[in-house]
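A quick write-up on the structure given underneath.
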2 protein chains.
Amino acid sequence: MSVTTDAQLLAQLRRGVIEHCVLALLERGPRYGFDLVRELAAVEGLGTSEGTIYPLLSRLRKDGLLETSWQPSDQGPPRRYYELTAQGRTALEVFHRHWRSFRAAVDEVLEGDK
Amino acid sequence: MSVTTDAQLLAQLRRGVIEHCVLALLERGPRYGFDLVRELAAVEGLGTSEGTIYPLLSRLRKDGLLETSWQPSDQGPPRRYYELTAQGRTALEVFHRHWRSFRAAVDEVLEGDK
DNA sequence: GCTACTACCTTGCGATGCAAGGTACCTTGT
DNA sequence: ACAAGGTACCTTGCATCGCAAGGTAGTAGC
């Protein structure tokens, strides 16, 4: 079938949003990758996988929005914790503005009002 | 620069949304491609180009969500008008539900409330 | 016939979500 | 000791889709 499935529909919606949801979660405090996957999975529609998160975190780190530090775990392998840099915080604010305006634009078109 | 620009940020946001904005516009009545580009350009954040719209319309037509008919124009080359099929109308409703829930999910994460 | 506008469409690139697969640490049970 | 299972990291390859750029053609006015 070439018709879009619900899963694909959501995957497309997530584009460009997950990245900033990760930043938003990190605004509340340091997290490690595996944990972020679980936190996002807990939110309806934002569920994603490690294959998405790790490359994403890597990219954000390269762009200077995140810093990392390895820390041992009580039970399991060591974890790589991520936290926001000043630049990351700014990027989050910028996105926040864009998101609000974008959301309003889509609503306007979808609602069909005038 | 590998850091995301505003333009790229918006382009990613548009993913999976423009498609349904087009359906929403067509719900109000038949339109032709060039006109859709202009209507979307009038909405802040949804501005796009012909390189986006034509392949998109083509895809929606192949998937059976749209039907087309050529019609002469008073001034200029003939236009290909698109209109929703029953399947297209259903797809729009389905998206509507997804969008509302997705929007709420993103808001929840961004607002950081609990 | 030249220019400009309208209107259609295609090609090639870049960005990125994801399934699948791989490595390694740690704990528990046998 | 060893196997099994959970935690945690990461990479590869594919598919999707927005877009800049470029191409074709009808119509109107000079």
Side-chain angles (χ1 to χ4, degrees), chain A residues 1-22 30-41 45-63 66 68-82 102, chain B residues 1-22 30-41 45-63 66 68-82 102:
Chain A
M1 300 301 106
S2 78
V3 177
T4 314
T5 68
D6 282 14
Q8 293 171 325
L9 191 157
L10 283 169
Q12 292 306 319
L13 277 182
R14 276 190 281 271
R15 283 211 167 220
V17 167
I18 293 201
E19 178 174 329
H20 298 93
C21 285
V22 166
R31 300 268 196 290
Y32 57 97
F34 206 75
D35 201 31
L36 285 167
V37 173
R38 278 189 302 231
E39 287 198 57
L40 287 173
L46 294 184
T48 186
S49 70
E50 301 169 61
T52 298
I53 290 297
Y54 287 115
L56 190 161
L57 288 170
S58 197
R59 198 171 64 241
L60 292 175
R61 185 163 47 94
K62 261 189 214 115
D63 289 349
L66 299 180
T68 74
S69 62
W70 285 94
Q71 279 170 35
S73 162
D74 284 358
Q75 34 191 15
R79 300 163 173 170
R80 183 175 218 169
Y81 280 83
Y82 291 82
F102 177 76
Chain B
M1 304 296 107
S2 76
V3 177
T4 314
T5 68
D6 283 14
Q8 292 171 326
L9 192 157
L10 283 170
Q12 291 306 320
L13 276 183
R14 276 191 280 271
R15 279 211 168 220
V17 167
I18 293 200
E19 178 174 328
H20 298 93
C21 286
V22 165
R31 300 268 197 289
Y32 58 98
F34 205 75
D35 200 31
L36 285 167
V37 174
R38 278 189 300 229
E39 287 197 58
L40 287 173
L46 296 182
T48 186
S49 71
E50 304 173 72
T52 297
I53 290 298
Y54 287 115
L56 190 161
L57 289 171
S58 198
R59 199 170 64 243
L60 293 175
R61 186 162 47 93
K62 262 189 211 115
D63 290 349
L66 299 181
T68 72
S69 61
W70 285 94
Q71 278 170 36
S73 162
D74 283 358
Q75 36 192 14
R79 300 163 173 172
R80 182 176 217 168
Y81 279 84
Y82 292 81
F102 177 77

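As the structure is a prediction and not an experimental result, all values here were calculated from the model. Reminder, nothing fancy here: chain letters follow the sequence lines and each chain counts from 1.
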For this session: Only counting residues at least two apart or in another chain, list the ones meeting side-chain contact (heavy atoms from CB on, under 4.5 Å) with Ser49(B).
Result: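 In terms of side-chain contact (heavy atoms from CB on, under 4.5 Å), with neighbours along the sequence ignored, Ser49(B) is linked to Thr52(B).
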Problem set entry | Partners meeting side-chain contact (heavy atoms from CB on, under 4.5 Å) with Arg31(A) (sequence neighbours left out) |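 Arg31(A): side-chain contact (heavy atoms from CB on, under 4.5 Å) contacts with Leu26(A), Arg28(A), Asp35(A), Leu36(A), Glu39(A).
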Taking [atom1] from [X] and [atom2] from [N], how many angstroms apart are they, rounded to a whole number?
| X | N | atom1 | atom2 | answer |
| --- | --- | --- | --- | --- |
| Leu36(B) | dC19(D) | CG | P | 14 Å |
| Trp70(B) | dA25(D) | CH2 | C1' | 10 Å |
| Arg79(B) | dC5(C) | CZ | P | 17 Å |
| Tyr81(B) | dT6(C) | OH | C1' | 12 Å |
| Ile53(B) | dA20(D) | CD1 | C1' | 15 Å |
| Leu60(B) | dT16(D) | CG | P | 14 Å |
| Asp6(A) | dT16(D) | CG | C1' | 17 Å |
| Lys62(A) | dT16(C) | NZ | P | 12 Å |

Can you measure from [atom1] ([X]) to [atom2] ([Y]) and round to the nearest 0.5 angstrom?
| X | Y | atom1 | atom2 | answer |
| --- | --- | --- | --- | --- |
| Tyr82(B) | Leu66(B) | OH | CG | 7.5 Å |
| Cys21(A) | Leu46(A) | SG | CG | 5.0 Å |
| Glu50(B) | Phe34(B) | CD | CZ | 5.0 Å |
| Leu56(B) | Ile18(B) | CG | CD1 | 7.0 Å |

Show me the donor-acceptor pairs within less than 3.5 Å that the side chains of residues 9-16 of chain A make with the rest of the protein, sequence neighbours left out.
unit_1	atom_1	unit_2	atom_2	d
Gln12(A)	OE1	Arg15(B)	NH1	3.2
Arg14(A)	NH1	Gly45(A)	O	2.8
Arg15(A)	NH1	Gln12(B)	OE1	3.4

Seminar exercise, completed: Expected string for nucleotides 23-30 of chain C under the B/S/- scheme (protein heavy atoms, under 4.0 Å, primed atoms plus P, OP1, OP2 as sugar-phosphate) is --BSS---
Problem set entry | Residues within residues 10-20 of chain B bordering DNA chain D, heavy-atom distance below 4.0 Å |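 The answer is Ala11(B), Arg14(B), Arg15(B), Gly16(B).
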For this session: Taking all heavy atoms of Thr48(B) and all of Val37(B), pick out the closest pair and write down the distance.
Result: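 Residues Thr48(B) and Val37(B), closest heavy atoms: O-CG1, 3.8 Å.
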Exercise. So does Tyr32(B) get a side-chain nitrogen or oxygen closer than 4.0 Å to the phosphate oxygens (OP1/OP2) of dA7(C)?
Worked result: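 The answer is yes; a side-chain N or O of Tyr32(B) sits under 4.0 Å from OP1 or OP2.
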Exercise. Does the side chain of Ser49(B) get closer than 4.0 angstrom to OP1 or OP2 of dC19(D) through an N or O atom?
Worked result: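 Indeed not, no polar side-chain atom of Ser49(B) lies that close.
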Donor-acceptor contacts under 3.5 Å from residues 74-81 of chain B side chains, at least two apart:
unit_1	atom_1	unit_2	atom_2	d
Arg79(B)	NH1	Tyr81(B)	OH	3.4
Arg79(B)	NH2	Tyr32(B)	OH	3.4
Arg79(B)	NH2	Ser73(B)	OG	3.4
Arg80(B)	NE	Thr68(B)	OG1	3.4

Problem set entry | Axis-to-axis angle between the two ends of the helix from dG1(C)-dC30(D) to dT30(C)-dA1(D) (five base pairs per end, rounded to 10 degrees) |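 Both end axes considered, the difference amounts to 10°.
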For nucleotides 11-14 of chain D, give me every protein contact, N/O to N/O, under 3.5 Å, one pair per line with atom names.
none

